Protein chains: 2
Amino acid sequence: MGQKNNNKYRKIIAAATKVFAKNGFYKAKVSEIAKEAGIADGTIYIYFKHKDDILIALFEEKMKEVLDNMKKQISLESDPLKKIERFALLHLKLIEDNKDMAEIIQVELRQSSKFMKDYHNIKFAQYLDLIGDIIQEGKEKGLIRKDIIPGIGKRAFFGALDEMSRFWVLSKRRKYNIETAARQISSYFINGIKR
Amino acid sequence: MGQKNNNKYRKIIAAATKVFAKNGFYKAKVSEIAKEAGIADGTIYIYFKHKDDILIALFEEKMKEVLDNMKKQISLESDPLKKIERFALLHLKLIEDNKDMAEIIQVELRQSSKFMKDYHNIKFAQYLDLIGDIIQEGKEKGLIRKDIIPGIGKRAFFGALDEMSRFWVLSKRRKYNIETAARQISSYFINGIKR
DNA sequence: TTCTAACACGAATAATCATTCATTTTTTTA
DNA sequence: TAAAAAAATGAATGATTATTCGTGTTAGAA
């Protein structure tokens, strides 16, 4: 019961992803998730204690996937400045390919610290740290200015990408293509911080 | 009835700002707003049709204020690159000085297009456009690279600032001071886009 | 001062949903 | 195959709260 590799557990997560994305966490009905998953309402409570838990589990699952993928891709590149460019492209691609997930992370992640007082999204912090580490590495290799503060740099860069995806997630039509946006944003940042 | 300059109307907005900031829109009880405003529950419905309307009105009010203020401050500077720096500082100062408002804009603004299907936050778009216009001006004056796309640039810069404020709003202790963050972020951006 | 209409009140309403649990179905064990 | 355990069901519960509305209050007009 409640195994993560359980078939129904996965089904619920998948259904919740769809349903939360449609109208947000609060408007999502547990019964709708159940229906989408093709199971009874009560069954959800065999796998999750509360509605909140579904959202938390969903974050953990998706973020783990994203994080692993990004780590792997980044490690294929040795030049820190190139890593930054690749990060941007991959991040935006990810959004493109997982619209439902992106929508939830965009909208609900923001609230997480509000409606789940104690839940700290460690995975998200680790994601940010990927950027921080690249900046640190770049400084050590003399490619990035010494006065750049990684803790600020990582947030600025992530924020830039994130605002772009927010725009995409919330608007119907895609105005700029992924590659253009990734290239622009990483060029601002790379030119801005390099020695 | 329902005048915007009405005493009670303002009281409700002020109270709602506090209450929404505490636990988010959905967890906020109308009765709590009433209590905070020192009026009866029903009185709120003399001034607002629905709970949603309070949030919308709140956005409009605050954004108008912010927008006017920012416009004025920006116009005092003539150099576009300096304008960008000033924008950053002012934006972060604003967050600092209006924590409740910042918290709502950070968290609830994100949801607006979800729970209020038809509400489009024009004021926010105008705020973004302030940055877009500065970039455009900079290009025309030959200070900013011709290949910079204002529509991407404005979002990247805003996003960078916004992620920084999110960090502040959601965490207890302020790790970096306003001026440092503003200087860092605007320097990344200015160096990144200048000719 | 008396009347009236706008304003305000707050208890009662009514609808919404997360969650429970008695029952049934399926799977595992012996 | 029979008994026991686990999983699943979904109707019923119970708690929550936005909103209403019958009644009271106030401030200005006449």
Side-chain angles (χ1 to χ4, degrees), chain A residues 1-59 104 107-108 111-112 114-119, chain B residues 1-59 104 107-108 111-112 114-119:
Chain A
M1 167 201 337
Q3 310 303 310
K4 292 211 172 179
N5 47 1
N6 182 298
N7 180 33
K8 239 153 224 169
Y9 178 91
R10 309 220 81 79
K11 258 192 197 157
I12 295 170
I13 298 264
T17 306
K18 227 181 207 169
V19 176
F20 288 160
K22 200 170 57 171
N23 282 311
F25 177 78
Y26 283 105
K27 284 203 170 176
K29 282 169 246 167
V30 172
S31 63
E32 203 184 337
I33 297 172
K35 198 173 144 204
E36 176 75 35
I39 58 173
D41 297 13
T43 306
I44 289 190
Y45 289 85
I46 296 168
Y47 296 89
F48 300 91
K49 253 205 189 71
H50 315 284
K51 189 182 169 191
D52 287 11
D53 290 343
I54 306 175
L55 186 57
I56 292 176
L58 193 157
F59 280 155
I104 293 172
V107 176
E108 312 298 344
Q111 293 211 59
S112 59
K114 297 245 122 227
F115 72 83
M116 299 175 275
K117 279 276 190 268
D118 37 83
Y119 175 58
Chain B
M1 168 199 339
Q3 313 302 311
K4 293 211 171 177
N5 47 2
N6 183 298
N7 180 33
K8 240 156 224 169
Y9 179 92
R10 308 221 81 80
K11 258 193 195 157
I12 294 170
I13 297 264
T17 306
K18 228 182 207 168
V19 176
F20 288 159
K22 200 170 58 173
N23 281 312
F25 177 77
Y26 283 105
K27 286 203 169 176
K29 281 170 247 167
V30 173
S31 62
E32 203 184 337
I33 297 173
K35 198 174 144 205
E36 176 74 36
I39 59 173
D41 297 12
T43 305
I44 289 189
Y45 289 85
I46 297 169
Y47 296 89
F48 299 91
K49 252 207 189 67
H50 314 285
K51 190 182 170 191
D52 287 11
D53 291 343
I54 306 174
L55 186 55
I56 293 175
L58 192 156
F59 279 156
I104 293 173
V107 176
E108 312 298 344
Q111 292 212 59
S112 59
K114 299 244 123 230
F115 72 84
M116 299 176 274
K117 280 275 190 263
D118 39 84
Y119 175 59

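Computed from a predicted model, the values in this text were never measured in an experiment. Just so it is clear: chains get the letters A, B, ... in the order the sequence lines come, proteins before strands, and each one is counted from 1. Below, each value reflects all heavy atoms present in this structure, side chains not excepted, and no hydrogens, waters or symmetry copies.
Across the protein-nucleic acid pair, B:K27 atom NZ and C:dC17 atom P stand 17 Å apart, rounded to whole Å. Between the CD1 atom of A:I33 and the C1' atom of C:dA18 there is a distance of 11 Å, given to the nearest Å. Nucleotide C:dT19 holds its P atom 4 Å from the OH atom of A:Y45, rounded to whole Å. In this structure, OH of A:Y9 is placed 17 Å from C1' of D:dA7, rounded to the nearest angstrom. To the nearest angstrom, C1' of C:dC17 lies 13 Å from CD1 of A:I44. Between B:K35 atom NZ and D:dT17 atom C1' there is a gap of 15 Å when expressed in whole angstrom units. For the pair A:K51 NZ and D:dA15 P, the interatomic distance rounds to 19 Å; values are reported in whole Å. Between A:K11 atom NZ and D:dA7 atom C1' the separation is 13 Å, expressed in whole Å.
Taking CD1 from B:I56 and NZ from B:K49, the interatomic distance works out to 11.5 Å, rounded to the nearest 0.5 Å. Summarising the geometry, atom CG belonging to A:N7 is positioned 10.0 Å from atom CD1 belonging to A:I12; distances are rounded to the nearest 0.5 Å. Going from atom CZ of B:F20 over to atom NZ of B:K51 covers 6.0 Å, rounded to the nearest 0.5 Å.
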Would you give me the side-chain donor-acceptor pairs under 3.5 Å for residues 38-45 of chain A, sequence neighbours excluded?
residue, atom, partner, partner atom, Å
A:T43, OG1, A:A40, O, 3.4

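Summarising the geometry of A:E36 relative to A:A15, their closest heavy-atom pair is CG-CB, 3.5 Å, with the distance given to 0.1 Å. Here the closest heavy-atom approach between residue B:A16 and residue B:I54 is recorded as CB-CG2, 3.5 Å.
In this structure, A:H50 does not reach the C:dA18 phosphate: none of its side-chain N or O atoms is under 4.0 Å from OP1 or OP2. Contact between the side-chain N/O atoms of A:Y26 and the OP1/OP2 oxygens of C:dC17 is not found at any separation under 4.0 Å.
The overall bend of the helix from C:dT1-D:dA30 to C:dA30-D:dT1, read as the angle between its terminal helix axes built from five base pairs each, is 10° when rounded to 10 degrees.
Contact check for A:F25 versus A:I104: no side-chain heavy atoms found under the 4.5 Å cut-off. Side-chain contact between B:D53 and B:Y47 is absent, with no heavy atoms from C-beta onward closer than 4.5 Å. Side chains of A:L55 and A:F48 form no contact here, defined as non-hydrogen atoms less than 4.5 Å apart.
Distance from the side chain of A:Y47 is smallest to D:dA8 among D:dT17, C:dA8, D:dA8.
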Give me, pair by pair, the N or O atoms of the protein and of nucleotides 9-14 of chain C that are less than 3.5 Å apart, along with how far apart they are.
residue, atom, partner, partner atom, Å
C:dC9, OP2, B:A40, N, 2.9
C:dC9, OP2, B:T43, OG1, 2.5
C:dG10, N7, B:G42, N, 3.2

